[in-house]
Amino acid sequence: MDKALYLAMSGGVQTMNAQTIHANNLANVNTTGFRSDFEQARSMQVYGDYYPSRVYAMTENPATRYTQGDMIQTGRNLDVAVAGDGFIAVYDDSGQEAYTRAGDLQINAAGQLVTGRGLPVAGVDGPIFLPPVDSINITEDGSISIVPQGGANNEVAVLNQIKLVNPDKQNLRKEEDGLIHTRDGQPLDINPNVKLASGFIEGSNVNAVEEMTHIMNLARRFEMNVKMMDTIRNNADSSARILQRSS
Amino acid sequence: MNSALWVSKTGLSAMDKQLNVVANNLANVSTTAFKKDRAVFEDLMYKTVRAPGGLSAQNAELPSGLQLGTGVKVGASQKDFSNGDYNMTDRQLDIAIQGKGFLQVLQPDGTIAYTRDGSLQLNSQGQLSTSGGLVVEPGIQIDPDVIEIMIAEDGIVSVRKNGDADAQQVGAINIAGFVNPTGLNSAGQNLFTETNASGPPQVGVPGTDSLGTIGQGMLEASNVNSIEELVNMITTQRAYEMNSKVIASADGMMSFAIQQL
């Protein structure tokens with residue numbers, strides 16, 4: 001069998017992977033704080049004790065786009081968005097520090113500050129627990145000031161500070177849980193220059209038109225691969241016919 | 001099969017749920033004391049096809065791997081308990097809670113439900129009840145010869161009877177507050193019930209412990225902002241359309257392959 005058929009097939013399969021990445025970006029076009037993934041194809045040459053003629057394509061997602069998404073005003077005082085670069089530190093399911101831009105915060109029954117999907121928010125020294133409050137206010141630097149339950153309006157207490165970080169993007173990677181982790185696994189230091197905007201949430205940074213264009217482009221690329229497979233089959237048919245014994 | 005199909009399917013169903021939430025908010029734009037919902041989107045887990053940092057060929061390390069996202073889901077609907085507008089009605093039995101507390105009402109099964117709908121009525125026994133017929137807890141009896149009912153800021157209910165010069169106290173309305181009102185279960189009919197997530201109710205006299213005060217002769221309107229909901233509706237519809245476009249595109253790929261090969 002001709003190796004070209006397998007090459008064309010791998011091209012088609014990798015195109016489908018690439019399309020999945022763009023489809024996932026587009027599916028998350030409304031997800032708070034979502035960061036879109038890049039996709040690229042790379043040539044992978046097969047080496048061996050023979051002439052290295054076969055070069056397969058391989059799809060990979062080399063990075064995540066960290067540009068800012070739209071700022072959506074909600075007016076809710078527990079909604080915060082990171083203005084500019086930086087991340088909010090949270091604890092993932094295994095208790096490790098991870099980073100997110102989704103700032104739709106809530107207080108759960110235990111009085112803990114958690115994100116919209118229930119991940120505990122990291123403070124400068126550990127998880128953030130709040131007493132019953134009258135009103136809560138999150139300032140630009142992540143400090144949480146509250147008026148305790150039954151307290152007078154001037155009885156403001158500063159309780160804790162949300163851990164905000166601004167790491168080198170090269171050291172970041174989106175993991176299977178959709179959160180941003182450091183590549184070296186080391187927790188990051190707090191960065192005092194990261195600013196929060198209260199009363200806003202950040203939308204997804206997916207560019208819908210760009211994703212649609214990529215998807216259409218990939219669909220055509222897939223069709224070309226299929227066409228290639230068709231051509232290879234025709235070639236094989238022709239050579240089979242030539243080699244047939246004529247009676 | 002092309003996994004982009006399944007990914008876009010999750011997009012379609014998430015946008016569908018979001019539209020449901022928006023539609024329900026808009027439908028309740030005139031419901032007394034209705035609290036709007038917000039759909040909380042989260043990305044689903046990623047499937048690692050090739051882990052970053054693995055070996056590719058001949059001592060070549062992969063600088064980046066291939067992680068395929070599997071789509072999106074609506075993880076929760078979050079109730080926004082911000083106060084709605086207060087509308088004057090001048091009806092004696094209309095009350096609004098200014099603050100974050102809830103009225104307690106007795107359900108037919110004997111458990112307590114919580115509501116902010118203060119359009120109260122008297123039932124045939126003269127008990128203070130909601131317009132849904134549930135008796136306000138603790139029960140307050142109003143005699144038939146009462147001509148004036150006064151509900152004070154701190155919940156004290158006093159009445160003046162025909163021929164009397166002075167009012168007399170007949171009961172008091174208590175208010176319940178929750179640590180995490182977002183965790184309450186929406187039971188419909190403007191009622192909420194307690195859950196593990198909301199925490200137990202803290203019952204108290206209105207005006208204390210920031211439970212909120214009672215305003216007589218007014219009602220709390222729905223906190224739905226119709227413009228905001230309409231904008232949400234448009235973005236949801238566009239996102240839905242784009243996801244269905246991806247399905248069409250992925251389907252086109254498969255059908256082309258099937259026809260050609």
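Numbered from 1 within each chain, the chains take letters A, B, ... in sequence-line order.
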Using a 6.0 Å cut-off, check whether atom [atom1] of [X] has over 12 heavy atoms from anything other than its own residue.
X	atom1	answer
N196(B)	CG	no
D93(A)	CG	no
M254(B)	CE	yes
K9(B)	NZ	no
K47(B)	NZ	no

Task: Pairing of R35(A) and D43(B) as salt bridge, 4.0 angstrom limit - done: no
For chain A, find which of [options] contributes the most heavy-atom pairs closer than 4.5 angstrom.
options	value
L211(B), T235(B), T195(B), N243(B)	N243(B)
G75(B), G199(B), A257(B), G183(B)	A257(B)
E228(B), M242(B), M45(B)	M242(B)
S8(B), A14(B), S249(B)	S249(B)
L261(B), V40(B), V179(B)	L261(B)
K73(B), E42(B), Q18(B)	E42(B)

Measure the [atom1]-[atom2] distance between [X] and [Y] for me, rounded to the nearest 0.5 Å.
X	Y	atom1	atom2	result
N30(A)	Y240(B)	CG	OH	14.0 Å
I21(A)	Q67(B)	CD1	CD	9.0 Å
D230(A)	Q260(B)	CG	CD	5.0 Å
F41(B)	F34(A)	CZ	CZ	12.5 Å
K79(B)	Q106(A)	NZ	CD	13.0 Å
L66(B)	T20(A)	CG	OG1	9.0 Å

Side chain from CB out, backbone as N, CA, C, O: work out which of these in [X] comes under 4.5 Å of a heavy atom of chain A, or both, or neither.
X	value
N225(B)	neither
T70(B)	backbone
R238(B)	neither
A39(B)	neither
A239(B)	both

- [ ] Determine, stepwise, if the pair E176(A) / T48(B) fulfils side chain to side chain donor-acceptor pair (under 3.5 Å).
- [x] CA-CA 7 Å; E176(A) 288 182 0; T48(B) 303; 2.5 Å; yes
Examine whether an atom of [X] lies under 4.5 Å from a heavy atom of chain B, and if so say whether it belongs to the side chain, the backbone or both; otherwise answer neither.
X	result
S135(A)	neither
R220(A)	neither
N234(A)	neither
D37(A)	side chain
M16(A)	both

So do [Y] and [X] actually touch side chain to side chain, heavy atoms under 4.5 Å?
X	Y	value
N108(A)	T182(B)	no
E60(A)	V49(B)	no
R76(A)	Q78(B)	yes

Task: Check: N180(B) side chain, I107(A) main-chain N or O, donor-acceptor pair, under 3.5 Å - done: yes
- [ ] Examine distances only and state if a side-chain atom of N24(A) and a backbone atom of G71(B) form a donor-acceptor pair shorter than 3.5 Å.
- [x] yes
Sort out for me which of [options] touches chain B most, counting heavy-atom pairs under 4.5 Å.
options	answer
L179(A), D104(A), T32(A)	D104(A)
E211(A), M216(A), E175(A)	E175(A)
V226(A), D177(A), V13(A)	V226(A)

TODO: Please name the residue in the list L68(B), L5(B), N2(B) that meets the side-chain contact (heavy atoms from CB on, under 4.5 Å) test with Q19(A).
DONE: N2(B)
Task: F222(A) to M253(B) - nearest heavy-atom pair and separation - done: CE2-O, 3.2 Å
